[in-house]
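The block underneath contains the structure these notes are about, expressed in structure tokens.
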Number of protein chains: 2
Amino acid sequence: MPHLAFPSTSLDGFKCETHCAVRPLAICGELGPAEHEEFERMAQHVRYGPKEALFSEDEVADSVYSLIEGIARLYKLLPDGRRQIIGFALPGDFLGMAPGNRYSFSADAIGAVTVCKFFRGPFLRFIENRPQMLLRMNDFATRELSLAQDQMLLLGRRSAEEKVAAFLVAWRERLARLDGVTKTVSLPMGRQDIADFLGLTIETVSRTFTKLEREKLIVIVPDGVRVLDPKRFDALAAA
Amino acid sequence: MPHLAFPSTSLDGFKCETHCAVRPLAICGELGPAEHEEFERMAQHVRYGPKEALFSEDEVADSVYSLIEGIARLYKLLPDGRRQIIGFALPGDFLGMAPGNRYSFSADAIGAVTVCKFFRGPFLRFIENRPQMLLRMNDFATRELSLAQDQMLLLGRRSAEEKVAAFLVAWRERLARLDGVTKTVSLPMGRQDIADFLGLTIETVSRTFTKLEREKLIVIVPDGVRVLDPKRFDALAAA
DNA sequence: AAGACTGCTTGACACAGATCAAGGACCAGG
DNA sequence: CCTGGTCCTTGATCTGTGTCAAGCAGTCTT
């Protein structure tokens, strides 16, 4: 059985309704109290410090993770060190599924991270005869796939300015789903991470931020940006 | 309920064992004879001519498709006409699932195509309480997602020459899974399609083919290439 | 057989974004 | 307060790939 990777979908619409040690773990769905308890017993909480690895590409994939707190970056490396970030994981996201028995990408913490960890075998055995959970997994996978395809369009066919604008718009929306709408978009990841996500260099990202600021579209603040002109902004990022 | 998109995974390992009007339809799995018949009754075969659209992005997604014969290109467009091909679908592939109730990309035939078409509602109702099929769907989605992530790495971080080489290697492997290993790799799609898949222009693709031929790595033949030096080739394409 | 059309290749040139290099802002530790 | 570190910005220059333009090879039509 394969593992799945859901790097960036916020599972917010699926918050676990029952009281739950693994609250943001959206995958648990509408389990009955007894099942729920069984499910919980399979989980263990783990904390990671800044830059610590949750797992690495090509490692044997023995666990799946639900992110509880903090942000993780998910990436693939080429042998010469070039890096492509394939997504940022937020609380509620589900990580670590992969086809075959090895992880297909690496994940590490940006800042402090708490996860809810399941061993793969018991987890798969638990869900395999529960259609509700399987449907939920399908739903997540479909969403992830669609996001990945959007990102392909961005990487293959958009200019640097469009990439940065689209990134900020999408990131703002994702945060809004978690925290509600805010004027300031916080960017916990560094410029290098943004560059590696957008297929650019750090210098180009930096210059593009500056350019957007000169054009009065954003204001750069510590650890984030304030969006001044959402309309003009969304137009730049438009699909 | 969402739709799923499995643009490029060959489902070859999952061929339907029972005799089946929709033979390459891998998703049917180990259904009992009665179930199998019910499943078949839901399907209808449809043929499309060259360049004909199976469905388009943003259309209401009323059907899902299993490709029986031929090749389709799956793509997204920007408002100004820039195109990103997100995958090529081969016989056995499953298409048309998307999050929400609209297709998230367009699909059209390259050459003649036959599909097995299911209306979305009945299809989802059929699978929703069959864990075997759901697991299979999950498996497909996971595989697709992993391929999409590989493609992000390619689009974001590889040079034109690496892109073309990696494409040829991957395409050869995909065809090998269907037709067995062949010396000549057939390329039913045009140069423009390859360019739009790799995030390049048609001129760059053409020049790169010529360069690989000058370097004695391939020979360009009508509708394909012959790979001369698989080892050096795989090295170029290496992850 | 000539013309028209489509798909592919090639050349000359331009430019977006990469590379190289330097310096500023901020913070933690001594 | 200085020191070293990390992260970010900016400038100067280079280059890989895009753009523009022309021409060739097939194939279809009449």
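Chain letters run A, B, ... following the sequence lines, proteins first, then strands; residues in each count from 1. For the numbers below, each heavy atom of this structure counts, side chains included, while hydrogens, waters and symmetry mates do not. Model, not experiment: these values are computed from the prediction.
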Let me check something: any side-chain donor-acceptor pairs from residues 194-205 of chain B under 3.5 Å, sequence neighbours excluded? List them with distances.
| residue | atom | partner | partner atom | Å |
| --- | --- | --- | --- | --- |
| B:Asp196 | OD1 | A:Arg157 | NH2 | 2.7 |
| B:Asp196 | OD1 | B:Gln192 | NE2 | 3.2 |
| B:Asp196 | OD2 | B:Arg83 | NE | 2.6 |
| B:Asp196 | OD2 | B:Arg83 | NH2 | 2.8 |
| B:Thr201 | OG1 | B:Thr204 | N | 3.3 |
| B:Thr201 | OG1 | B:Thr204 | OG1 | 3.1 |

Handout entry: Side chain A:Lys76, main chain A:Ser104, donor-acceptor under 3.5 Å
Key = yes

Handout entry: Covered region of DNA chain C, 5' end to 3' end, by chain A [heavy atoms, under 4.0 Å]
Key = C:dG17 to C:dC20

Exercise for the section: Quick one: list whatever passes ring-ring contact (aromatic ring centres under 6.0 Å, His included) with A:Tyr75, sequence neighbours left out. Expected result: none

Exercise for the section: Encode nucleotides 8-18 of chain D as B, S and - characters from 5' to 3', where the letter depends on protein heavy atoms closer than 4.0 Å: B to the base, S only to sugar-phosphate, - to neither. Expected result: SBBBB----SS

Under 3.5 Å donor-acceptor pairs involving side-chain atoms of residues 213-225 of chain A, not counting sequence neighbours:
| residue | atom | partner | partner atom | Å |
| --- | --- | --- | --- | --- |
| A:Glu213 | OE2 | A:Ile220 | N | 2.9 |

Handout entry: Sequence-distant partners of A:Arg73, side chain to side chain donor-acceptor pair (under 3.5 Å), two or more places apart
Key = A:Asp108, A:Asp193

Completion exercise
Across all chains, not counting sequence neighbours, the side-chain contact (heavy atoms from CB on, under 4.5 Å) partners of B:Thr114 are B:His45, B:Arg47, B:Ile68, B:Glu69

Completion exercise
Rounded to 10°, the helix from C:dA1-D:dT30 to C:dG30-D:dC1 deviates from straight, judged by its five-pair end axes, by 30°

Handout entry: Listed partners of B:Arg82 passing side chain to side chain donor-acceptor pair (under 3.5 Å), at least two apart
Key = A:Glu162, B:Asp80

Fill in the blank from the handout: With sequence neighbours left out, the residues meeting ring-ring contact (aromatic ring centres under 6.0 Å, His included) with B:Tyr48 are none

Fill in the blank from the handout: So the ring-ring contact (aromatic ring centres under 6.0 Å, His included) pairs with at least one residue in residues 213-239 of chain B (sequence neighbours excluded) are none

Practice task
Please collect all ring-ring contact (aromatic ring centres under 6.0 Å, His included) contacts where either partner lies in residues 145-165 of chain B, sequence neighbours excluded, each pair once.
Solution key: none

